[in-house]
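Basis for what follows: all heavy atoms, side chains included, without hydrogens, waters or symmetry-related copies. From a predicted model like this one, the values you see are computed outputs, not experimental measurements.
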Amino acid sequence: MKRIILSLALISATLVFAQKKEINAAFKAIESGDVATAQAQIAAADSQLNGKLELLEPELLENYYFAKGLSLLRSGKTTEGASYLVKINDLAKSKVYSGRDGNKNRVYFVGKSAADASGISGLKEESYTPKNTAKLAAILDPVIQAANKTAMDAYNAKNYGLAADKFRESYNLLKAFGQTSGQLLYNSGLSYISAKNNSKAIEVFKELTDSGYTGVETTYTAKEKATGTVQQFDKATWDALKKSTDYTDFKTETSKSIEEELQETYASLLVEEKRYDDALAVLDKAVKKFPKNNKIAELQSSTYYKAGKTDEFTAALKRNLALNPNDAVSWYNLGVLQSKDPATKKDAETAFKKAIELDPKMFSAHMNLTYLIMGDDEKTINDYKALRDSGKTDEANKVMDARRARFEKALPIAEDWYSKDPNNLDVVTLLKGMYQTTRNEAKRKEFKEKEDMLLKTQGK
């Protein structure tokens with residue numbers, strides 16, 4: 001028997017014909033609601049295509065995306081289904097580059113990057129207008145409306161995990177026919193935070209940041225005369241409706257930017273997850289863009305501290321204070337840092353005093369300044385005992401005199417703290433000891449009684 005050898009081109013043509021048959025069968029099946037048949041036909045096409053979608057002409061590729069996307073959507077795989085359906089919109093937005101590959105196969109690449117990556121020269125640039133956009137919109141609109149309603153109901157019922165998933169689902173489905181609503185994705189991110197799902201929230205905020213979302217969106221509305229209802233439209237439809245006599249009261253509304261809040265929230269989530277380098281990458285850009293935002297600056301400096309980057313932490317604090325000299329928290333943090341080095345003790349005192357001046361109820365600054373002026377009391381007592389035990393009485397007494405002088409200098413700070421926070425056991429106990437050291441027996445007794453009362457009332 002004579003052996004028959006088919007050319008590669010003939011094999012390819014036969015393969016594409018079979019795939020065309022399967023894809024169109026899947027398309028018809030999904031249109032009729034037969035999900036099982038659509039999935040079987042798409043699976044058969046996929047097994048032969050092996051990912052080489054460039055073999056499909058644009059119209060067939062559109063039917064493939066339509067059938068596969070809807071079959072996934074209707075089997076509950078909403079996000080995966082939407083990722084295929086959105087490619088139909090890509091077909092409309094991108095140029096299609098056609099030609100033949102090395103095996104003489106007719107190929108079609110969607111977008112310049114895909115064409116360039118193919119390495120095939122002489123490709124012809126074409127445009128393609130999808131045939132199923134209106135049909136897809138009609139199918140997806142009630143699905144989107146239902147997902148959004150479920151999201152809102154779940155959020156109001158404090159079922160934040162479900163709300164987050166459904167807001168994100170609405171966002172992905174809306175993208176499938178060429179529209180985006182960053183607000184839906186932002187709602188998803190906030191809901192994930194409320195659900196304490198930081199990893200998912202970070203994914204969402206990264207997507208928002210990468211897309212350049214700022215919250216500034218323009219909505220286009222008009223009132224339908226027949227019903228009196230105000231409806232929202234995309235800009236193209238809104239412009240077209242102006243020529244109609246069926247609508248009136250055409251209005252636009254532009255929302256305010258939430259970019260600063262978004263960046264702060266995104267970075268805070270990364271810090272919570274101890275992803276300090278990722279957080280600092282976000283914050284370094286945010287600080288440059290919003291130099292007057294104290295919260296972002298404070299978050300940046302504290303993140304440097306948590307990451308163990310002391311030099312960067314100090315530089316960030318000083319940079320922030322140069323721009324925002326009335327930032328009490330930064331003065332306090334600078335004081336804490338400077339108090340760790342004996343050489344910058346005076347600078348630390350200045351920083352703590354400035355923090356108290358700006359925020360009189362910053363009791364942590366009162367406490368740190370008091371202890372800073374008092375010095376290392378444990379070391380002082382040990383030095384005193386060592387000198388006394390070695391018979392150096394005069395030197396030992398000088399140590400105690402210097403201690404008493406430091407306590408007297410620190411007293412006004414502690415007393416100011418007490419005047420603003422009189423039921424704080426820590427400051428009461430501290431003052432009791434300070435009065436004892438400065439030999440004010442009446443005050444020591446008064447604060448001992450106050451200490452006993454607080455211990456009793458606070459159950460300690």
Does anything in residues 313-333 pair up under salt bridge (charged side-chain N to carboxylate O under 4.0 Å, His left out), and if so which pairs, sequence neighbours excluded?
none
In short, L358 meets P325 closest at the heavy-atom pair CD1-O, 3.8 Å
Quick one: does S188's side chain have a donor or acceptor within less than 3.5 Å of a partner on A164's backbone?
yes
Tell me the closest heavy-atom pair linking K166 and A147, and the distance in Å.
CB-O, 3.5 Å
Using a strict threshold of under 4.0 Å (side-chain N to carboxylate O), is an ion pair present between D239 and K235?
yes
Regarding K398 and D401, does a basic nitrogen lie under 4.0 Å from an acidic carboxylate oxygen?
no
Is there any side chain to side chain donor-acceptor pair (under 3.5 Å) pair reaching into residues 336-360, and which pairs are they, with sequence neighbours excluded?
none
Quick one: are T219 and T252 in side-chain contact, heavy atoms under 4.5 Å?
no
Does S257 use its side chain to pair, donor to acceptor, with the backbone of G215 at less than 3.5 Å?
no
Are there over 12 heavy-atom neighbours, none belonging to K285, within less than 6.0 Å of that residue's NZ?
no
Give the minimum heavy-atom separation between Q300 and L280, together with the two atoms involved.
O-CD2, 3.9 Å
Within this structure, what is the CG-CG distance for the pair D153 and L162, rounded to the nearest 0.5 Å?
9.5 Å
Closest contact, heavy atoms only, E298 versus S330
CG-OG, 4.0 Å
Listed once per pair and sorted, the salt bridge (charged side-chain N to carboxylate O under 4.0 Å, His left out) pairs that draw on residues 253-265, sequence neighbours left out:
E259-K289
Salt bridge check: are D452 and K456 linked by an N-O gap of less than 4.0 Å?
no
Main chain of A316, side chain of N320: is a donor-acceptor contact present, judged purely on distance under 3.5 Å?
no
Salt bridge (charged side-chain N to carboxylate O under 4.0 Å, His left out) filter on K112, not counting sequence neighbours, yields D116
I'd like to know whether NZ of K225 has more than 12 heavy-atom contacts from other residues, nucleotides or ligands below 6.0 angstrom.
yes
Show me the pairs that pass salt bridge (charged side-chain N to carboxylate O under 4.0 Å, His left out) and involve residues 417-428, at least two apart or across chains.
D416-K420
Output yes when D284 and K288 qualify as a salt bridge under the 4.0 Å nitrogen-oxygen rule, no when they do not.
no
For E62, the salt bridge (charged side-chain N to carboxylate O under 4.0 Å, His left out) test, sequence neighbours excluded, returns none
Could you give all pairs that pass the ring pair (Phe, Tyr, Trp, His ring centres under 6.0 Å) test and reach residues 324-344, with sequence neighbours left out?
Y332-F352
With sequence neighbours excluded, tell me which residues meet salt bridge (charged side-chain N to carboxylate O under 4.0 Å, His left out) with R388.
none
Using only heavy-atom distances, determine whether the side chains of Y108 and E54 contain a donor-acceptor pair under 3.5 Å.
no
Exam field: side chain T314 to backbone T310, donor-acceptor pair closer than 3.5 Å:
yes
Quick check: does any side chain N or O of T254 sit under 3.5 Å from a backbone N or O of T218, one acting as donor and the other as acceptor?
no
Go through the side-chain N and O atoms of T370 and N368 and say whether any donor and acceptor fall under 3.5 Å apart.
no
Would you find a donor on one side and an acceptor on the other, under 3.5 Å apart, between the side chain of K450 and the backbone of P422?
yes
Quick note, salt bridge (charged side-chain N to carboxylate O under 4.0 Å, His left out) partners involving residues 368-381, not counting sequence neighbours, are D377-R403, K379-D383
By side-chain hydrogen bond (donor to acceptor under 3.5 Å, both in side chains) - contacts of K309 (at least two apart)
D277
Looking at L185, is its backbone amide N or carbonyl O close enough to the side chain of R168 to form a donor-acceptor pair, meaning the two atoms are under 3.5 Å apart?
no
K77, NZ atom: more than 12 neighbouring heavy atoms under 6.0 Å
no
Determine whether more than 12 heavy atoms belonging to other residues, nucleotides or ligands lie under 6.0 Å from atom NZ of K274.
no
Per side chain to side chain contact (heavy atoms under 4.5 Å, CB included), L184 is matched among N148, I144, N172 by N148
Check the side chains of T229 and K223 for a donor-acceptor pair under 3.5 angstrom, ignoring hydrogens and angles.
no
Shortest non-hydrogen contact from L140 toward L173:
CD1-O, 3.8 Å
Mind checking ring pair (Phe, Tyr, Trp, His ring centres under 6.0 Å) for Y384 and listing every partner two or more places apart, or none if nothing turns up?
none
Whether S211 side chain and L208 backbone form a donor-acceptor pair below 3.5 Å
yes
Near F109 CZ, under 6.0 Å, is it more than 12 heavy atoms from other residues, nucleotides or ligands?
yes
Would the distance check show the side chain of R406 and the main-chain N or O of M374 forming a donor-acceptor pair, the cut-off being under 3.5 Å?
yes
Crowding at NZ, K87 (>12 non-hydrogen neighbours, <6.0 Å):
no
Can you name the ring pair (Phe, Tyr, Trp, His ring centres under 6.0 Å) partners of Y160, sequence neighbours left out?
Y155
Salt-bridge contact E446-K443 (side-chain N to carboxylate O under 4.0 Å)
yes
Can you label the angle between the Y186 ring and the F205 ring as parallel, tilted or perpendicular, going by 30° and 60°?
perpendicular
Using every non-hydrogen atom in the two residues, find where A154 and A163 come nearest and quote the distance to one decimal.
CB-N, 3.7 Å
May I ask you to say whether R444 pairs ionically with E451, meaning some side-chain N is under 4.0 Å from a carboxylate O?
no
Could you check whether Y435 and K448, counting side-chain N and O atoms only, form a donor-acceptor pair closer than 3.5 Å?
no
